[in-house]
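Heads up, the thing below is written out as structure tokens.
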Amino acid sequence: MPRIRTAGVIATTSALALALSGCSVVSAFEPHVDSAIWDTAKEMKASDTAVFGSPTFIPDDATIIRVDYDTQAGTAILTYTSKTHVIPKVCTKSVPMPKPDIQDSWWPVDGLPPKASGCPGGWSAFTVGDQVWAAKAPTK
């Protein structure tokens with residue numbers, strides 16, 4: 001009986017430590033997947049985004065920008081809130097929405113639309129209300 005309790009305490013402590021660490025869930029299990037979060041588009045644009053494909057379609061009013069990116073495959077997922085959605089006349093074509101290999105707790109698991117807006121750099125974006133979701137196809 002003490003072994004079961006010990007295993008439960010270890011599992012609970014590990015889960016709590018992961019939750020309190022503030023790191024992305026995906027980063028804990030995929031060592032080649034990194035993540036970042038910015039409060040504003042200004043902060044994001046001032047940082048080095050080339051490592052995950054510099055999403056040039058994000059408008060200046062975007063807030064709470066989250067990204068997970070695979071440093072080996074070149075894939076990425078991101079989301080942000082914006083009333084503008086994307087910079088006008090940047091994402092102009094309709095493309096099939098890829099199902100990304102990267103998953104995180106904030107990425108929609110089901111209900112991805114069949115089509116999205118094709119954006120520069122291989123990004124595909126769609127909106128739900130004022131929330132924008134985008135995925136980047138593999139580059140490596």
Side-chain angles (χ1 to χ4, degrees):
M1 207 61 144
R3 285 187 180 175
I4 293 173
R5 244 185 280 173
T6 302
V9 169
I10 290 171
T12 302
T13 303
S14 298
L16 183 60
L18 178 63
L20 294 177
S21 70
C23 55
S24 172
V25 174
V26 73
S27 296
F29 300 103
E30 299 284 342
H32 53 87
V33 175
D34 290 329
S35 62
I37 185 168
W38 298 272
D39 288 331
T40 64
K42 183 178 179 180
E43 289 176 7
M44 186 211 71
K45 291 175 182 181
S47 65
D48 181 17
T49 59
V51 69
F52 62 86
S54 300
T56 58
F57 55 90
I58 297 178
D60 290 338
D61 70 339
T63 58
I64 315 299
I65 304 156
R66 300 180 68 118
V67 65
D68 286 350
Y69 55 96
D70 187 321
T71 58
Q72 292 178 353
T75 57
I77 56 174
L78 72 81
T79 188
Y80 59 88
T81 303
S82 167
K83 292 199 179 296
T84 306
H85 299 157
V86 297
I87 293 175
K89 299 180 184 176
V90 172
C91 303
T92 57
K93 59 185 175 182
S94 179
V95 297
M97 182 64 198
K99 181 168 178 10
D101 293 334
I102 301 172
Q103 292 294 312
D104 203 339
S105 58
W106 50 265
W107 182 259
V109 177
D110 295 320
L112 292 178
K115 295 283 187 178
S117 296
C119 301
W123 289 93
S124 302
F126 68 95
T127 60
V128 176
D130 286 336
Q131 192 70 28
V132 179
W133 309 91
K136 186 173 180 290
T139 57
K140 299 178 183 176

Shortest non-hydrogen contact from [X] to [Y]?
{"X": "A41", "Y": "P59", "answer": "CB-O, 3.3 Å"}
{"X": "A134", "Y": "F57", "answer": "CB-CZ, 3.8 Å"}
{"X": "F52", "Y": "A76", "answer": "O-CB, 4.2 Å"}
{"X": "I102", "Y": "D70", "answer": "CD1-N, 3.5 Å"}
{"X": "S117", "Y": "V95", "answer": "C-CG2, 4.1 Å"}
{"X": "A116", "Y": "M97", "answer": "CB-SD, 3.5 Å"}

Taking atom [atom1] of [X] and atom [atom2] of [Y], what is their separation to the nearest 0.5 Å?
{"X": "T84", "Y": "D60", "atom1": "OG1", "atom2": "CG", "value": "8.5 Å"}
{"X": "I77", "Y": "R66", "atom1": "CD1", "atom2": "CZ", "value": "9.5 Å"}
{"X": "K136", "Y": "S54", "atom1": "NZ", "atom2": "OG", "value": "9.0 Å"}
{"X": "I58", "Y": "Y80", "atom1": "CD1", "atom2": "OH", "value": "5.5 Å"}
{"X": "I65", "Y": "I37", "atom1": "CD1", "atom2": "CD1", "value": "9.0 Å"}
{"X": "C91", "Y": "F126", "atom1": "SG", "atom2": "CZ", "value": "13.0 Å"}

Please determine whether side-chain contact (heavy atoms from CB on, under 4.5 Å) holds for the pair T79 and W107, giving the CA-CA distance in whole Å, both sets of side-chain angles, and the decisive distance to 0.1 Å. CA-CA 8 Å; T79 188; W107 182 259; 5.6 Å; no
Within a strict 4.5 Å, meaning less than it, do heavy atoms of the [X] and [Y] side chains meet?
{"X": "V67", "Y": "M44", "answer": "no"}
{"X": "L112", "Y": "P98", "answer": "no"}
{"X": "I64", "Y": "D39", "answer": "yes"}
{"X": "W106", "Y": "D68", "answer": "yes"}

For G118, does its backbone N or O pair with a side-chain atom of S124 as donor and acceptor, under 3.5 Å?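 Here the side-chain-to-backbone pair does not exist.
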Whether W123 side chain and G53 backbone form a donor-acceptor pair below 3.5 Å: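 Answer holds: yes.
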Before you tell me yes or no, could you show the steps for L78 and W133 under side-chain contact (heavy atoms from CB on, under 4.5 Å), namely the whole-Å CA-CA distance, both residues' side-chain angles and the distance that decides it to 0.1 Å? CA-CA 6 Å; L78 72 81; W133 309 91; over 6 Å; no
Any side-chain donor near an acceptor of the partner, T81 and D130, under 3.5 Å: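 Checked: T81/D130 side chains show no N/O donor-acceptor pair below 3.5 Å.
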Just checking, is any N or O donor in the side chain of T75 or D101 under 3.5 Å from an acceptor N or O on the other one?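 Not at all, the side chains of T75 and D101 share no donor-acceptor pair under 3.5 Å.
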